[in-house]
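A note on names: the letters A, B, ... follow the listed sequences, proteins ahead of strands, and every chain is numbered from 1.
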Amino acid sequence: MGFKKKQMLGFGLILLFLAILLSFMMFTLNNLKSSMTEIVENRYDKVQASMEIRQLFSRSDREILFAANDANKEERAESLEIINENHSLIESKIAGLSGSLNKSKAKQLLKEFETQYASYSITEAEIIQKIKSGNSSDNLSSLMDDQREKRTKVISTMDEFKDYQEGVMKDTLSNSRQTYEDMIGFVIFAVILSILVISVTVVWMIRSTSKDLQSITKVIEDIDFKNLSVIPRIPVRTTDEIGDIAKSFNDMAESLEIYNQKEKDFTEKISEQNWIQTRVADIATMYQRIVDVEVLADRFITRLAPMMGASIGAFYVKRGEGVDMRFVKLASFAGDGEDSGRREFRLGEGLIGQCALEKKTKVIEDIPEDFQLVTTGLGEINPKSIVIAPVVFEDEVVAMVELASLEAFTKLQKTFLNQVLDTLGITINNVEGRMEIERLLKESQAQTEELQAQSEELQSQSEEMQAQSEELQTQAEELRMINEQLEERNRETEEKSKELQVAKLNLEKQAEELKLSSKYKSEFMANMSHELRTPLNSILILSEMLSDPNDSKLNEEQQEFARVINSSGQDLLTLINDILDLSKVEVGKLEVVFDEMNLSELPELLHRNFDHVAKKKNIDFIIEKSKNVPDIFFTDEQRFQQILKNLLSNAFKFTEKGSVSVQIKKADEENVAQWIQTKGASNWVEIKVTDTGIGISKEKQKLIFEAFQQGDGATMRKYGGTGLGLSICREFAKLLGGWVIVDSEEGQGSTFTFFIPSMPEGFKNVDEAIAASPEVAAANHDDSAAPFGEQGGPDAGMMDEEDRDKAKPFCNKTVLVVDDDHRNIFALKNALKHEGMEILTAENGFECLELLEKGNNIDVILMDIMMPGMDGYETMTRIREQSKFENLPIIALTAKAMKGDREKCLKAGASDYVSKPLKLDQLLSVLRVWLTN
Amino acid sequence: MKDTLTIEEREDLEIELLLEAIYSVSGFDFRKYMRSSIKRRVENRMRLDHVRRISGMIEMVLYEKGYVEKLLRDFSINVTEMFRDPDFFKAFRLNIVPLLKKLPEIRIWHAGCSTGEEAFSMAIILKEEGLYDKARIYATDMNDEVLRHAEKGILPLNRMQSYTKNYLQAGGNQEFSEYYTTDYQNAYLDSGLLKNIVFFQHNLVTDGSFNEFHIIMCRNVMIYFTGELQTYVNQLFYDSLCKDGFLAVGSKETLHTSSFSEDYEDFDSKERIYRKL
Ligand SMILES: C[S@@+](CC[C@H](N)C(=O)[O-])C[C@H]1O[C@@H](n2cnc3c(N)ncnc32)[C@H](O)[C@@H]1O
């Protein structure tokens, strides 16, 4: 029975029971109702009708009586009326009753009643007739009695009928009560029965369905969701819906199982794939950066073998072509660390050779014990399985791999092997390519280095050879010399002495000439300077006027120019004065007038002249004068003051901080007399000027008294001045019969000491003054610090001599100085002449080019950059344009600070540059460099 | 056993024995020098001294006083110049000097400095860049003789023109003449330039590392070495360089064919300047 049917049956049963129960109850109720109706309507009506009939009858009776006895006419009529009416009513009621009677007894009773009533009615009608006819009551009385009798009978019948009817009603009532009670009992029974039947049905229904469901649930609950490979099935016991569920479940379980299986297969495949892939990738990464096939082979086999579970492996790479072609073992793997496999084989040789020939992988499994291992590359092991595989690149076997395992190779391993070998071919090829490139690179690098080495060797060899050839030359020279010397010794000596004599004469003559020329020079200078002063004065005056802001028409800038002109003019004037003085001294034209002079006024004079300088430079200025210094002193006051002023202005010039002091005291005559004697001198005074300035190095001390010399070039630049001051001091001091010495240490300051005698008589002339101090004259070129026993000078002087000797190779070199500044030219000329060079000068670019053009043999050019007209850059460019001057050394003279200038110089073709102001040392060094060939 | 050796084989063997003898006698190891170069030097010596066979030289090495020294002098090629390959020094000044400014101290090693010109050039650059006072230049060579010459700071006058050119080409921004004075044979370098340079003997083949340097220059030295020896010396340099330090080799040399190319960054591949990673 199906679930549905079962349910339908169950519910049907319940419904059926309910229907029966209900219809039965309806039926009983209906019964009840009909008996009630019977009682109420039938019996009650009949009783009622009988009652009414009785009443009506009684009334008629009474009316008759009334009409018969008491009544007047009218009333009689009325009563008769009523009696008539009642009569018809009774008649109709009886008719009604008779129609409704069903019981035979009742019918009989009613018939009886009818008959009785009919007889009564006849009597009645007689009475009425009589009444109407006016008969007296006596006539009537018999009738009346008759009637009474009849009436009694009617009534009793009526009562009987009524009683009967009431009896029937009572019966019916008790009947229906019985029926009701019966029904109650039955209903209770029916309900109980229904409940029973229904519950049984329900229980049956529930139980029969839930049992199946439970068995399904149980099966489902039993499923192991973690392992869907086996799923329990539900036994299909029924064909109903539950059965369907079970069937569907079973179907599902089956497909689940299949799916699960598939998934498992898939995962397995994936993991296998993964296994392969990771290893392939692992090996592929290993390939990277390998640049050597041997390394590749080694790494490959040592990695591959364990992956393949092989205990022995060998890697062979093809070497050689054609007949030479063979496979050489490059690497092997052996679980026990020993080298395994044959060293090499040829195509077709043995099993492995066969595989190589066929380009096929061979797997040998289940190798029999007596298997001839010789045919493999691996020698004597007893492997379970062996795989021999070719590595193919572009359809050619480039390598062979052989692996032996003590177990069988799995399919997976074989697939893996195939995949790895697929890419190995190309890798081997790549690596070999890289190796080749690497090799070529190394080779070319080695060649490059070899070439470099060779060229260096050659260079050093050529240097050696040059040295050797020079040596040889000198040796040959020596030999020849010795011969010649032997031959010509006498003659030579003779000639030499002659030569010497001539040379001596020459020298003497030259000395004379030199003296003369220097005298001429000085004379010229003296005149010249004098001539110069006149125009210069006007320049000074005019420029001063121009620079005066109060009455100048110039603008500020121009006034500044004027001031510059003025101060430059002042400098120039000082210079000229100095030169003039010096020249005069040299020429002996300086006038010296010895006169009385008051020394006590000296400190005040000096203060007046230098206090402002001291203040400006923030330097102490101290003057000490000893008591024992005589007030009256005979000398040339003007020169005397000039000397002191020079010394002091020098001291201030070179002192940045500290003090300048003057000490005036009586000199120790004995000390002075030791090294200077002046005729007619008495009362020596010693004036010491001490400063805390930059000082003078020992080497320089001997130079400072020479004209145009100062501490050094740099000092000159920094402190200005002509460099003539000290020379003048010493020259003047000489004229006054005195002397100036210096004591100084670099960085510590200097002390200049001026010794001067009082000369009441004076000198007769200048010559006498000089002659008077022969030692002084000698000391003139010696160390000025001689009085203090320091003899450092001559040494340095010697060096100079040597240098000059060495200069001889440059004697005939010609330098072209291109500069528009005459002073520069002058200075350079002097310096370079001194070195023994020929000097040509040009004042601008055009002149320079002209000189070059003339074919002068110029060895080096010193080129100033800033020149009017054609400047240095352009000049150099023009020079370089001519191929014959391509290599002519040109040294540019640039301003120190101008870096851009230097680059421009180099671009224009300068070989080197030195910056201005020039340092003689540096210039000479550079010239030596550029004059060497 | 072969019954006869070819001429070349015999010569190779003789040279091998000669080098072995030199090593044993003097401690100078030329066994891993380029055979071609050694061969040329040996042949040159043979020509000069009229020796017929190399074996003869072996004998002289063993028995003749002073002969080893002579050969050593032959083997040491001391060609050098100031600002050699000016572009290198220019690159150095432009690109490396700025990186050195941060260092509190700069140590530079000139390996195979020969007569010192390279070290002097370096000193000049550092001076012009204001770095010289914190720099220490270690200039070494295996040849004691050249070192003694280098110490004096004397340059032959006849090279000065080309040195000036090199100096200017290398981006010199002062007057080259400020660095020297001359007489009629030589130029004398300013002593201030020499004050931070130490010269001492060091043989790359037999002596180890002696400090850690910011810059190592070994130019035109390894060209005389075989690849094997180059690798060995390169290892020495690698170990002696501090991190981010520079190694400079000669204009014809390279690190690329060595196993060290991975350990250095190409700082200036044209001028062969490498920077340790
Ligand atoms: C050609 S010079 C190079 C000089 C300089 N570096 C240059 O490039 O101008 C080569 C120098 O390397 C030196 N040298 C050669 N082998 C050496 C070694 N094993 N150890 C140290 N110095 C060596 C030689 O003595 C020679 O002075």
Pair A:Glu457-B:Ser37, side chain to side chain donor-acceptor pair (under 3.5 Å): steps then yes or no: CA-CA 8 Å; A:Glu457 281 163 31; B:Ser37 166; 2.6 Å; yes

B:Leu168 and A:Tyr913: CA distance, side-chain angles, deciding distance, side-chain contact (heavy atoms from CB on, under 4.5 Å) verdict: CA-CA 10 Å; B:Leu168 295 172; A:Tyr913 49 73; 3.7 Å; yes

Salt bridge (charged side-chain N to carboxylate O under 4.0 Å, His left out) between A:Glu450 and B:Arg35, intermediate numbers included: CA-CA 10 Å; A:Glu450 165 81 13; B:Arg35 276 302 146 85; over 6 Å; no

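The backbone N or O of B:Glu253 sits nowhere less than 3.5 Å from a side-chain atom of A:Glu449 that would complete a donor-acceptor pair. Proximity of a side-chain donor or acceptor of A:Arg928 to a complementary backbone N or O of B:Tyr184 within less than 3.5 Å is not detected. A:Ser460 places no side-chain N or O within donor-acceptor distance of the main-chain N or O of B:Ile77, the cut-off being under 3.5 Å.
By the neighbour-count criterion of 12 heavy atoms within 6.0 Å, atom NZ of B:Lys39 is densely surrounded, having more than that number from other residues, nucleotides or ligands. The local environment of CD in A:Glu881 is crowded, with over 12 non-hydrogen atoms from other residues, nucleotides or ligands closer than 6.0 Å. Counting heavy atoms of neighbouring residues, nucleotides and ligands inside a 6.0 Å radius, atom CE of A:Met866 does not exceed 12 of them.
For a residue to count as touching a neighbouring chain, one of its non-hydrogen atoms must lie under 4.5 Å from one of that chain's; by this rule A:Leu441 touches chain B with backbone and side chain alike. Residue contact with chain A, scored on non-hydrogen atoms closer than 4.5 Å, involves the backbone and the side chain of B:Tyr180 alike. Proximity to chain B is limited to the backbone of A:Ser911, based on heavy atoms less than 4.5 angstrom apart. With a 4.5 angstrom heavy-atom cutoff, A:Gln452 touches chain B via backbone and side-chain atoms both. The part of A:Leu924 that comes within reach of chain B is its backbone (N, CA, C, O), which places non-hydrogen atoms under 4.5 angstrom from that chain. Heavy atoms of B:Thr164 lying under 4.5 Å from chain A belong exclusively to its side chain.
Using a cutoff of 4.0 Å between basic side-chain nitrogens and carboxylate oxygens, A:Glu456 and B:Lys252 are not scored as salt-bridged.
For the set B:Arg41, B:Met222, B:Lys165, B:Met160, the count of heavy-atom pairs under 4.5 angstrom toward chain A peaks at B:Arg41. By number of non-hydrogen pairs under 4.5 angstrom with chain A, the leading residue of B:His256, B:Arg40, B:Gln230 is B:Arg40.
Nearest heavy atoms, A:Trp930 versus B:Gln161: O-NE2, 3.3 Å. Contact record, A:Arg902 with B:Asn173: NH1-O, 3.0 Å, taken as the closest heavy-atom pair.
Between the side chains of A:Gln922 and B:Glu175, at least one donor-acceptor pair of N or O atoms lies under 3.5 Å.
Taken from OG in A:Ser925 to CZ in B:Phe176, the straight-line distance is 11.5 Å, to the nearest 0.5 Å.
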